[in-house]
Amino acid sequence: MKPRSLRVRLMLWYLAILAVILCLFATVIYVTLQRTLLEQLDDGLSNRAFFVSELVTFSAAGEPQLSLGGEGANPDADDTFQRLLDPAGAVIFDTNQAFGKVPVDPEALDAAREGRHHGATVDTGNGEARVLTLPLRRDGAVAGVLQVGESTGDMQETLRTLLLIFAVALPSSLVLASLGGWWLSSRALAPIDPITQAAREISGGSDLNRRLALDLPDDEVGRLARTFDEMLARLDAAFQRQRQFTADASHELRTPLTAIRGQIDVALERPRDTAEYRRVLGAVNEQVDRMTRLVGGLLMLARSDAGALPVEREPVDLRDLVESVAEQVRPLAAQKSLDLRIEPGGPLAVSGDEDLLLQLMLNLADNAARYTSRGSITLGWRKGDRAEMFVRDTGAGIPPEQRERIFERFYRIEASRSREGGGAGLGLAICRWIAEAHGGALSVESDHAGATFTVGLPLDGSSDT
């Protein structure tokens with residue numbers, strides 16, 4: 001079964017990789033040492049063969065003869081041997097009786113008859129021996145064959161000792177490495193537990209104000225902990241905005257409902273004439289209109305947040321759009337004696353949803369007309385790096401510290417401003433969403449003499465008409 005603990009998996013992977021590396025390392029050392037010892041053994045045999053070949057003499061009949069002298073001439077008789085053969089393979093001299101029974105290799109004899117040296121490892125029945133076979137020449141012809149050999153016991157003993165060391169050292173190293181790997185993985189993953197515990201305890205927007213605040217280095221785990229804290233901060237802000245949004249929406253809906261209830265209660269206190277009932281119904285109708293606009297705005301924002309409000313794209317002529325907005329706002333501007341102007345910017349088209357863009361500009365123009373007491377309102381469009389539409393007024397302006405907050409839902413510069421004008425503080429939030437849904441942006445510039453709202457949109461490929 002796959003271990004559920006990340007610490008265990010890391011340790012097992014670490015041990016597996018380390019075991020493979022150690023085995024490869026041990027194999028390389030073993031093979032290298034074996035080859036080195038074998039080369040040293042062959043070098044020793046070559047030196048011995050040269051020494052023995054100098055002692056070989058030939059009879060008058062041309063037969064090779066060998067005499068190694070008296071006792072003590074060969075102090076390593078138990079570990080080495082010498083053998084002299086004639087070209088036919090008959091043994092003339094042999095000292096391998098004490099060493100062990102070393103067979104005569106036909107392949108080695110054939111190689112010597114052809115004038116080549118031959119080295120091989122043979123089984124003596126009492127262990128293994130390394131045997132070097134070489135030809136003896138006289139007058140340019142092979143007159144005999146000399147074999148010298150040495151037991152590989154010392155070499156094998158050295159290799160067995162090395163294997164024993166590996167057999168003890170490798171498991172011990174893996175045990176120590178497992179302890180070290182467990183300690184290192186536990187230390188490295190220790191911050192994960194507080195993150196897991198915090199995530200388990202936080203639910204439904206509660207305890208979102210808590211933070212891990214772990215003092216960790218700038219590594220993967222440290223960045224994870226800081227990212228988790230940043231995520232909690234974003235979630236906390238989102239839940240606060242949601243709670244504020246719900247409270248503001250409830251308040252905005254309760255206000256017209258309270259007004260409607262009050263008007264109806266007053267009308268029902270006693271019989272009234274038709275004109276009075278018509279006045280009450282007119283007041284109720286105004287509040288219903290306000291509620292309709294509020295619910296429509298809330299529904300649009302909710303659908304936009306859920307990504308369920310599609311943006312149908314088609315070529316939109318900005319001149320026709322701005323002129324249409326001006327015609328709809330002109331009665332309100334005339335009612336307040338405001339000068340409504342259009343500042344043309346030449347033929348220009350964008351790809352977008354005409355109904356949404358019309359709603360955006362109409363909201364901006366309607367706000368400008370409602371909150372400008374004297375002067376003028378200017379609508380226009382222009383082309384630069386992007387297509388722009390703008391609404392400029394000569395109202396009281398917007399304080400610098402509130403220019404970004406005015407795009408928040410239900411936010412009002414003055415507590416009673418939107419309510420007196422029939423608004424709910426959703427218009428600019430909707431405008432910003434429409435601009436961003438078209439890949440653009442909505443910005444505001446303001447001073448003490450008015451404000452300019454600018455909608456920047458990507459240029460359409462066929463904008464020059």
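Computed from heavy atoms alone, side chains included, the values below leave out hydrogens, waters and symmetry copies.
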| Heavy-atom neighbours of E107 CD exceed 12 at 6.0 Å | no

| task | For atom CG of D154, decide whether the heavy atoms of other residues, nucleotides or ligands shown that lie under 6.0 angstrom number more than 12. | result | no

| Do you see a donor-acceptor pair shorter than 3.5 Å between the side chains of Q147 and T133? | yes

| message | Please give me the minimum heavy-atom distance between L45 and V131, naming the atom from each residue. | response | CD1-N, 4.5 Å

| task | Look up atom CG in L348 and atom CE in M389, then write down how far apart they are to the nearest 0.5 Å. | result | 9.0 Å

| said: For F50, is there any backbone N or O sitting under 3.5 Å from a side-chain donor or acceptor partner on S53? | reply: yes

| query | So, for I92 and L85, which heavy atoms are closest and what is the spacing to 0.1 Å? | reply | CD1-C, 4.0 Å

| Can you find a heavy atom in the side chain of L357 that is under 4.5 Å from one in the side chain of V455? | no

| message | Side chains of L184 and Y14, heavy atoms from C-beta outward: is any pair under 4.5 Å? | response | no

| Just how far is it from atom CD1 of I29 to atom CZ of F166, taken to the nearest 0.5 Å? | 4.5 Å

| message | Check R392 with E343, please: is the shortest side-chain N to carboxylate O separation under 4.0 Å? | response | yes

| message | Return the CE to CG distance between M361 and D366, rounded to the nearest 0.5 Å. | response | 12.5 Å

| said: The test is salt bridge (charged side-chain N to carboxylate O under 4.0 Å, His left out); show your working for D229 and R226 and say whether it passes. | reply: CA-CA 5 Å; D229 281 344; R226 283 186 285 274; over 6 Å; no

| Short side-chain to backbone donor-acceptor contact, S186 and W182, under 3.5 Å | yes

| query | Side chain of W381, backbone of P347: donor and acceptor closer than 3.5 Å? | reply | no

| request: Considering non-hydrogen atoms only, spot the tightest contact between S59 and Q65 and give its length. | output: CB-NE2, 3.5 Å

| Would a distance-only check, ignoring hydrogens and angles, find a side-chain to backbone donor-acceptor pair under 3.5 Å from H438 to D353? | yes

| message | Contact between I434 and N363 at the side-chain level, heavy atoms closer than 4.5 Å - yes or no? | response | no

| task | Check V391, T452, L379 against L364 for a side-chain contact (heavy atoms from CB on, under 4.5 Å) and give me the one that passes. | result | V391

| task | Enter the distance from H117:NE2 to L146:CG here, rounded to the nearest 0.5 Å. | result | 9.0 Å

| Is there a donor-acceptor contact under 3.5 Å from the side chain of D94 to the main chain of R83? | no

| request: Using a cut-off of 6.0 Å, state whether more than 12 heavy atoms not belonging to R160 lie near its atom CZ. | output: yes

| task | Please report the C-alpha distance between I398 and Y371 in whole Å, then the side-chain angles of each, then the deciding distance to 0.1 Å, and finally whether the side-chain contact (heavy atoms from CB on, under 4.5 Å) criterion is met. | result | CA-CA 11 Å; I398 302 171; Y371 305 121; over 6 Å; no

| Does the side chain of L66 come within less than 4.5 Å of L55's, by heavy atoms? | yes

| Any idea which heavy atoms bring A129 and T124 closest together, and the distance? | CB-CG2, 3.7 Å

| Do other residues, nucleotides or ligands put more than 12 heavy atoms under 6.0 Å from D385 CG? | no

| task | Evaluate the side-chain contact (heavy atoms from CB on, under 4.5 Å) criterion for residues T80 and V148: first the C-alpha distance (whole Å), next the side-chain angles of each, then the deciding distance (0.1 Å), finally the verdict. | result | CA-CA 7 Å; T80 63; V148 294; over 6 Å; no

| query | Can you tell me if CD on E314 sees more than 12 non-hydrogen neighbours from other groups inside 6.0 Å? | reply | yes

| task | Mind running side-chain contact (heavy atoms from CB on, under 4.5 Å) on T454 and E445 for me, showing each step along the way? | result | CA-CA 8 Å; T454 303; E445 297 177 359; 5.7 Å; no

| task | Indicate yes or no for a side-chain donor-acceptor contact from R113 to the backbone of P87 under 3.5 Å, with no hydrogens or angles considered. | result | yes

| said: Do M155 and Q40 make a side-chain contact, defined as non-hydrogen atoms from C-beta onward lying under 4.5 Å apart? | reply: no

| said: Please check this pair: side chain of T152 against backbone of E128, looking for a donor-acceptor N/O pair closer than 3.5 Å. | reply: yes

| Got L159 and L33 here, is their nearest side-chain heavy-atom distance under 4.5 Å? | yes

| Heavy-atom closest pair, residues L109 and G89 | CD1-CA, 4.1 Å

| Atom of S172, atom of V168 and distance for their closest heavy-atom approach | OG-O, 2.7 Å

| said: In the structure I gave you, are the side-chain heavy atoms of S178 and M11 within less than 4.5 Å of one another anywhere? | reply: yes

| message | Just verifying a value: how many Å separate L134 CG and L136 CG, rounded to the nearest 0.5 Å? | response | 6.0 Å

| field | Gap between atom CG of L18 and atom CZ of F25 - 0.5 Å precision | value | 12.0 Å

| query | Is E63 close to D86 at the side-chain level, that is, under 4.5 Å between some pair of heavy atoms? | reply | no

